[in-house]
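A short worksheet on the structure shown next.
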Amino acid sequence: MTSLSPAPRSRGLAVFATLLAIALLVAVAAVGESVRAGITTSPELSTFSIWVMAAGLALGAVTLWTAVSALRHSFRSAREEAAGEVLASRASAAQSRQQSFVTFGLAFAIVIAFALIQLVLINDGNIQRTFLRGDLMASSALDIARAFIVNIRLAFISGVIVLVFGLVLAIARMIPGKAGAPVRFLAVAYIDLMRAVPAIIVLYLIGFGLPLTNLPLLSGLNAEWFAIMALSLTYSAYVAEVYRSGIASIHPSQWAASRSLGFSYLQTLRFFILPQAMRLVIPPMLSTFIALQKDTSLVNVIGTLDAFNQAKFYASSTFNLSSVTVVAILFVIITIPQTRFVDWMLERGASRRKGA
Amino acid sequence: MAFIELSGIEKSYSGHQVLKGIDLDVEKHQVVTLIGASGSGKSTLLRCINALETIDRGTVSVDGDVVSGPGVDLDRLRRKVGMVFQSFNLFPHMTVEENIAVGPIRLLGEDRGAALKRARELLERVNLAHRAGYYPDQLSGGQQQRVAIVRAIAMRPEALLLDEITSALDPELVAEVLNIVRDLARDGMTMILATHEMQFAREVSDVVVFLEQGKLLEKGPPAQIFGEPKEERTRAFLKQIIEAGRL
């Protein structure tokens with residue numbers, strides 16, 4: 001004697017999804033229209049808001065379609081249950097619930113996206129005019145992009161220095177034995193200190209302080225080199241900790257295996273521990289480098305003409321922040337490919353070792 | 001003079017004494033098996049012989065040279081005395097043949113091509129020639145352990161320490177690893193092994209040593225230890241093993 005448990009309930013969800021989709025359509029139309037009515041000064045913006053509304057309504061219609069589909073499957077489930085086809089009824093109910101949840105997900109995304117765009121358009125497009133004026137962005141873009149090369153150069157040169165110096169610090173911090181104690185102490189002190197002091201203060205002290213010291217060589221460098229120095233000193237401390245965490249997460253049995261073959265401490269680090277640790281530290285290392293790239297914009301405090309500084313000139317002469325938005329966009333543009341590149345590298349490394 | 005001589009070995013971990021004065025001589029070409037319950041000190045003793053652990057008291061000498069205490073070239077000692085671990089410990093970022101050849105290339109100064117060729121020849125002997133270019137993750141436990149043994153052999157050691165090398169393996173993979181140890185014993189390799197495989201210990205050993213709580217309680221030829229153990233504790237241990245169906 002078998003008794004089949006009934007299909008899961010789907011009706012309530014499907015009805016709710018349908019009501020939600022209808023409410024979404026109404027809200028998009030009402031909010032969109034009232035915002036559009038507020039736009040009086042710019043015909044382009046008005047047209048744009050109509051397009052946004054149309055897109056919102058079209059997506060709302062898709063949402064309604066999935067909601068109705070949920071409802072249909074729910075009804076079918078009921079019919080099948082009445083006919084005694086419990087298994088089929090379960091399948092239909094599951095489908096109905098699935099469609100309901102898809103509706104919720106879509107509706108959520110549409111609400112957020114639509115609200116953000118309306119925020120830009122609201123109040124006669126004030127936000128758009130403050131941050132996103134196309135004409136000002138276009139006219140400042142070339143100069144800013146040119147100045148952005150300074151940011152890239154700072155990030156790249158500091159990045160290379162940081163990679164090397166950070167590793168030296170990490171190894172200094174892990175040097176074994178009594179003889180290594182003073183070295184370990186120095187490394188720990190340096191890392192603690194440089195992680196504690198804000199990058200902008202290091203930059204300020206070096207940028208304005210070193211020229212006053214009359215030190216041979218050092219005081220004569222230009223502002224860009226001071227910036228590189230400050231960023232390298234600061235970020236090496238972070239990167240040292242990233243390396244150290246990677247080295248520490250290699251299982252001690254790898255040390256035992258290498259030492260038992262007769263490899264010395266340093267040989268073990270070089271041939272077995274570091275190559276494995278490098279793979280582990282790639283993602284946190286990338287985060288640190290993105291932070292470093294962004295912090296190149298701090299150099300405006302010592303007067304280096306980077307993208308941000310250039311944008312500020314435009315901003316103060318036009319009383320508008322659109323040129324600064326350009327800088328933000330440039331940072332996004334150079335960061336995203338790096339993230340994808342690292343994802344791809346990790347993927348490749350993993351599939352090679354698993355022998356895909 | 002025995003090839004490996006241990007006298008009065010003592011070792012503590014943060015107040016807990018794991019080895020309480022062990023004396024043991026191992027002759028060249030001898031196979032000595034350490035048996036005893038978990039925590040009896042078998043693995044620690046092996047790790048003390050090639051100085052992966054430092055000893056608190058006593059001396060270790062290998063081939064007539066004292067190798068414990070300060071001022072010893074441990075890296076040279078370890079090239080003489082190879083070790084195989086319970087958890088294989090292959091290098092995951094290197095292929096099988098690189099795992100085997102890295103020691104000879106970097107430490108013995110062998111030519112890269114020649115070392116890789118020899119690695120493949122050694123792999124042939126353990127029926128793993130077709131896995132030379134694979135990464136350790138792609139191999140079964142038994143295959144990984146066979147590679148680990150070959151990696152140790154590739155350094156041309158004069159003695160091998162085998163630390164419970166079948167304990168992490170699925171039962172059906174144990175035989176393929178033990179067969180290699182059997183071959184090595186036949187070829188005259190000096191070996192000290194810690195194991196729970198009593199049947200195998202009985203068959204392959206020249207001397208069986210029973211450790212309990214850090215002390216060497218009894219040692220003798222396998223027929224005597226397994227057949228007529230003198231010590232009450234040894235009898236109790238073997239009885240448990242027999243009840244578990246492992247002997």
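Chain letters run A, B, ... following the sequence lines, proteins first and then strands; every chain starts at 1.
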Ignoring hydrogens, what is the shortest heavy-atom contact between [X] and [Y]? Give both atom names and the distance.
X      : Y      : result
A:F271 : B:M94  : O-CE, 4.0 Å
A:L261 : B:M155 : O-CE, 3.4 Å
A:R259 : B:L52  : CB-CD2, 3.9 Å

- With the side chain counted from C-beta on, respond yes when B:F91 and A:P275 share a heavy-atom pair under 4.5 Å apart, and no when they do not.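 Side-chain contact under 4.5 Å: no.
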- Can you list the residues that meet the salt bridge (charged side-chain N to carboxylate O under 4.0 Å, His left out) rule with B:R146, with sequence neighbours excluded?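 Expected list: B:E176.
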- Find the distance between OG (A:S264) and CG (B:D75) and round it off to the nearest 0.5 Å.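 Interatomic distance, A:S264 OG to B:D75 CG, rounded to 0.5 Å: 5.5 Å.
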- Item | B:L90 portion near chain A, given a 4.5 angstrom heavy-atom threshold |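 The backbone, not the side chain.
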- So what's closer than 4.5 Å to chain A heavy atoms on B:R151: side chain, backbone, both or neither?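 Interface part for B:R151: both.
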- Take atom OH of B:Y134 as the centre, draw a 6.0 Å sphere, and report whether it contains more than 12 heavy atoms from other residues, nucleotides or ligands.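 Not more than 12 within 6.0 Å, no.
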- Message: Heavy-atom count check: over 12 atoms from other residues, nucleotides or ligands less than 6.0 Å from B:K117 NZ?
- Response: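 No, not enclosed.
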- Among the options B:R79, B:M83, B:K80, B:R106, pick out the one with the most heavy-atom pairs lying under 4.5 Å from chain A.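 Result: the option with the highest number of such pairs is B:R106.
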- Query: What option among B:N50, B:L161, B:L107 has the most heavy-atom pairs under 4.5 Å with chain A?
  - Reply: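 The residue among B:N50, B:L161, B:L107 with the greatest pair count is B:L107.
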